[in-house]
Q: 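Next up is a structure, given as structure tokens.
Hydrogens, waters and symmetry mates play no part in the numbers below; they use all other heavy atoms, side chains included.
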Amino acid sequence: MPWKALTLTVQAVLTFAPFLWFGITWGSMGGIFSASILLMLPAPLSWILFALVAVVIGGYAFALHLPVVAELYTPLTTLLTGLVLYGLTRLTDLVHEVHSARRELARMAVAQERLRFSRDVHDLLGYSLSAITLKCELIHRLVVANPSRALEEVTSVLDVSRQALADARLVARSYREMSLADEAESAATVLAAADIRAALDIRCGRLHPAVDTALATTLREGVTNILRHSKAQSCTITALREGDTVRLALVNDGVVDKDRFPGPGGSGLDNLRTRLDTVGGCLTSGVHADGRFHLVAEAPVRPAGTAQRDNG
């Protein structure tokens, strides 16, 4: 603040002192000084001093007994010059701010795309890789005892690996749409390969693609966590429609190893919460009184905002 006061003081001297030698012809300099006041001082003080400069110059013109037109022209010129210079300077500042905002938006877009890519890789490929590992372990046990069953599992591994490759290609381009019904059938097969009894009850009907994908991703991540972090012997998967809400629930009895099971802060569950938030849904998880681990996702049949666009 002191340097602003010093600068304005020097400019005031250079603005008004030459009036002693040049008279009213120096009056145009008042507009430049008034613009500096607007730019350097806070409102409302700046606007008061801005008007005061015009009054002083107008009073000086009146004291010289100039024609009425000159007496009016001089303060008006001071006001207009000050406003034009102030506006041009502020416009330049706004242009710089717009460019800075665009750079920040571009940086945020890149960061968001990186987050999307990492989230999709985790959610879409983690399940496939876990399934491949599990089936390969099963094949290793069956290759001598039951060669025909081992051959069937090899075929299954090839299908899963091809799907994982397709997922990887789609993740690099955009988000892949998924089907909850198809994912439930795949989950039942993988759980059966891990000797986990799976009971399916999928009665949610046709869903919006965004909701279908969010719930299918939730199911995939839930099954992946069961395979990686639990010792489940049975698992129940239900997806029921209750009014305008779809409720997906995964319940398993494999939480004896509670310390290893991912808690609320796990990245997988955080990714799921982010996905469900985008469609207006929510996710809850934890061990209930029955000693089973419950993963429950709820989402509207149509994403928030979709119905309003359809009605419009």
Side-chain angles (χ1 to χ4, degrees), residues 108-131 167 170-171 174-184 186-187 190-191 202 204 207-230 232 235-252 254-255 257-290 292-308:
M108 292 176 61
V110 171
Q112 193 68 22
E113 181 62 14
R114 288 174 178 171
L115 179 62
R116 180 199 69 82
F117 185 81
S118 63
R119 185 171 60 234
D120 287 354
V121 168
H122 179 279
D123 293 345
L124 296 179
L125 299 184
Y127 169 83
S128 298
L129 295 176
S130 296
D167 288 345
L170 288 171
V171 163
S174 61
Y175 183 65
R176 172 178 177 260
E177 290 187 356
M178 299 170 62
S179 168
L180 176 59
D182 293 343
E183 201 62 37
S186 175
V190 173
L191 291 172
I202 309 298
C204 54
L207 301 174
H208 187 277
V211 175
D212 209 11
T213 298
L215 293 177
T217 305
T218 302
L219 175 57
R220 175 173 285 201
E221 176 65 19
V223 172
T224 301
N225 285 340
I226 292 173
L227 297 176
R228 288 179 177 176
H229 306 291
S230 77
C235 176
T236 302
I237 302 173
T238 59
L240 303 176
R241 180 169 176 172
E242 302 172 354
D244 293 331
T245 301
V246 180
R247 187 175 187 271
L248 170 67
L250 281 78
V251 182
N252 75 85
V255 294
D257 215 359
K258 297 179 182 179
D259 294 337
R260 294 177 54 204
F261 205 91
S267 61
L269 296 184
D270 287 341
N271 289 345
L272 295 181
R273 289 189 178 91
T274 301
R275 290 188 186 278
L276 289 167
D277 283 343
T278 61
V279 296
C282 62
L283 181 76
T284 58
S285 62
V287 180
H288 285 204
D290 58 4
R292 295 171 175 262
F293 188 88
H294 291 243
L295 179 68
V296 179
E298 294 185 350
V301 176
R302 300 185 67 82
T306 304
Q308 295 179 357

Q: Test of understanding: with salt bridge (Lys or Arg N to Asp or Glu O under 4.0 Å), list the residues that count as partners of R241, not counting sequence neighbours.
A: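 By the salt bridge (Lys or Arg N to Asp or Glu O under 4.0 Å) rule, R241 matches no residue at all.
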Q: Carefully, step by step, assess T238 and L248 under the rule side-chain contact (heavy atoms from CB on, under 4.5 Å).
A: CA-CA 6 Å; T238 59; L248 170 67; over 6 Å; no
Q: Can you name the residues that form a side chain to side chain contact (heavy atoms under 4.5 Å, CB included) with I202, not counting sequence neighbours?
A: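 Expected list: A184, C204, I237, A239.
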Q: Looking at residues at least two apart in the chain, or sitting in another chain, which of them share a side-chain hydrogen bond (donor to acceptor under 3.5 Å, both in side chains) with S186?
A: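 Here the qualifying residues are Y127.
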Q: Ignoring hydrogens, what is the shortest heavy-atom contact between T218 and A297? Give both atom names and the distance.
A: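 Heavy atoms of T218 and A297 come nearest at CG2-CB, 3.8 Å.
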Q: Looking only at non-hydrogen atoms, find the nearest pair between I226 and C235 and report the distance.
A: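 Here I226 and C235 meet closest at CD1-SG, 3.7 Å.
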Q: Kindly write out the residues that satisfy side chain to side chain contact (heavy atoms under 4.5 Å, CB included) with T284, not counting sequence neighbours, or none if the list is empty.
A: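 V296.
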Q: How close do P300 and G280 get, counting heavy atoms only, and between which atoms?
A: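 Answer, listing the atom of P300 first, then G280: CD-O, 3.5 Å.
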Q: Would you find a donor on one side and an acceptor on the other, under 3.5 Å apart, between the side chain of D212 and the backbone of L207?
A: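 No, D212 side chain to L207 backbone: no donor-acceptor pair under 3.5 Å.
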Q: Report yes if some heavy atom in the side chain of T236 is under 4.5 Å from a heavy atom in the side chain of L250; otherwise report no.
A: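 Side chain of T236 against side chain of L250, heavy atoms only: no contact under 4.5 Å found.
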Q: Can you find a pair of side-chain heavy atoms, one from V211 and one from V301, that are under 4.5 Å apart?
A: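 No; the side chains remain at least 4.5 Å from each other.
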Q: Taking the side chain as every heavy atom from C-beta outward, state whether L295 and L283 have any pair of such atoms under 4.5 Å apart.
A: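 Touching, per the 4.5 Å side-chain cut-off.
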Q: For residues A299 and L276, report the shortest heavy-atom separation together with the two atoms involved.
A: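 Distance-wise, the nearest heavy atoms are CB-CD2, 4.5 Å.
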Q: State, to 0.1 Å, how close S285 and R273 come at their nearest heavy-atom pair, and which atoms those are.
A: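 Residues S285 and R273, closest heavy atoms: OG-NH2, 3.9 Å.
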Q: Could you list the residues that satisfy side-chain hydrogen bond (donor to acceptor under 3.5 Å, both in side chains) with H288, not counting sequence neighbours?
A: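 Scan of H288 (side-chain hydrogen bond (donor to acceptor under 3.5 Å, both in side chains), adjacent residues dropped) gives none.
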Q: Can you name the nearest heavy-atom pair linking T245 to E298, along with the distance?
A: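 Scanning both residues, the minimum pair turns out to be CG2-CB, 4.2 Å.
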Q: Working note: L227 + L191, criterion side-chain contact (heavy atoms from CB on, under 4.5 Å); need CA distance, chi angles, decisive distance, verdict.
A: CA-CA 8 Å; L227 297 176; L191 291 172; 4.1 Å; yes
